[in-house]
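Below is one structure, written out as structure tokens; the observations come after it.
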Amino acid sequence: QVKLTESGGGSVQAGESMRLSCVTSGSTSSNALGWYRQAPGKEREGVATIDDQGVTTYKASVKGRFTISQDIAKNTLYLQMNRLKPEDTAMYYCARGPDPYTCRDGYCGGWRFGYRGQGTQVTVSP
């Protein structure tokens with residue numbers, strides 16, 4: 001049984017930083033990992049992706065502010081978020097799935113066939 005567990009969300013003011021973590025438990029070969037978010041009343045949107053080679057992609061609006069990374073030995077995925085803006089407010093989910101060649105602009109099509117966590121809330125006040 002594969003389980004993804006996020007942590008690190010909370011409330012900050014605009015301009016501050018936050019780091020999200022996601023631990024994978026259970027065995028999986030899915031090597032397209034990343035984060036997506038969803039705000040109330042809005043569409044789900046990909047934020048950042050990383051594959052087992054360390055290749056990353058980002059949503060345009062977070063490029064230069066967010067950094068995705070992973071510690072393979074610890075089965076942990078990270079999202080370092082700097083210079084946060086109120087529009088970054090959302091529930092953030094980590095995801096992993098097959099087919100890293102489907103990853104672009106912060107989203108992997110393979111996530112439809114994989115796993116996601118329960119989400120962690122990020123709130124950025126003006």
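- Considering all non-hydrogen atoms of both residues, C94 and L77 come closest at CB-CD2, 4.2 Å.
- Minimum heavy-atom separation, K42 to Q38: O-NE2, 3.2 Å.
- A donor-acceptor pair is defined here as one N or O able to donate and one able to accept, closer than 3.5 Å; such a pair exists between the side chain of T76 and the backbone of K74.
- Nearest heavy atom pair, residue C103 against residue T49, reads CB-OG1, 3.6 Å.
- The side-chain heavy atoms of V124 and T89, taken from C-beta on, include a pair separated by under 4.5 Å.
- A continuous path of ILVMFWY side-chain contacts below 4.5 Å connects V12 to V62, so both sit in one hydrophobic cluster.
- For the pair A32 and P100, the tightest heavy-atom approach, listed with the atom from each and the gap, is CB-CA, 3.8 Å.
- Applying the salt bridge (Lys or Arg N to Asp or Glu O under 4.0 Å) test to residues at least two apart or on different chains, none of the pairs has a partner in residues 93-121.
- Within the 3.5 Å criterion, the main-chain N or O of C108 finds no donor-acceptor partner in the side chain of T102.
- The side-chain contact (heavy atoms from CB on, under 4.5 Å) check on S125 picks up Q13, with sequence neighbours excluded.
- Through direct or indirect side-chain contacts shorter than 4.5 Å among Ile, Leu, Val, Met, Phe, Trp and Tyr, M91 is connected to Y36, Y93, Y107, W111.
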Validation: residues 78-86 side-chain donor-acceptor distances under 3.5 Å, sequence neighbours left out:
residue	atom	partner	partner atom	Å
Q80	NE2	N82	OD1	2.9
N82	OD1	S17	OG	2.9
R83	NH2	G64	O	3.1

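- For the ring pair (Phe, Tyr, Trp, His ring centres under 6.0 Å) condition, no pair includes a residue of residues 45-64, sequence neighbours left out.
- Interatomic distance, Q53 CD to N31 CG, rounded to the nearest 0.5 Å: 8.5 Å.
- For E45, the salt bridge (Lys or Arg N to Asp or Glu O under 4.0 Å) test picks out R37, K59, with sequence neighbours left out.
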Could you give me the CA-CA distance, side-chain angles and deciding distance for C22 and W35, then say whether side-chain contact (heavy atoms from CB on, under 4.5 Å) is met? CA-CA 9 Å; C22 173; W35 298 87; 3.6 Å; yes

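- Residues forming a side-chain hydrogen bond (donor to acceptor under 3.5 Å, both in side chains) with Q118 (at least two apart in sequence, or on another chain): E6.
- Residues I50 and S69 approach most closely at CD1-CA, 4.0 Å, considering heavy atoms.
- Listed by chain and number, the residues in a side-chain hydrogen bond (donor to acceptor under 3.5 Å, both in side chains) with R65 are D88 (sequence neighbours excluded).
- In terms of the side-chain hydrogen bond (donor to acceptor under 3.5 Å, both in side chains) criterion, T56 has no residue partners (sequence neighbours excluded).
- Hydrophobic cluster membership for Y115: V2, L4 (Ile, Leu, Val, Met, Phe, Trp, Tyr linked by side-chain heavy atoms under 4.5 Å, directly or transitively).
- Under the ring pair (Phe, Tyr, Trp, His ring centres under 6.0 Å) criterion, Y92 pairs with no residue, sequence neighbours left out.
- Between A39 and A90, the closest heavy-atom pair is N-CB, 3.9 Å.
- With sequence neighbours excluded, no residue forms a side-chain hydrogen bond (donor to acceptor under 3.5 Å, both in side chains) with T67.
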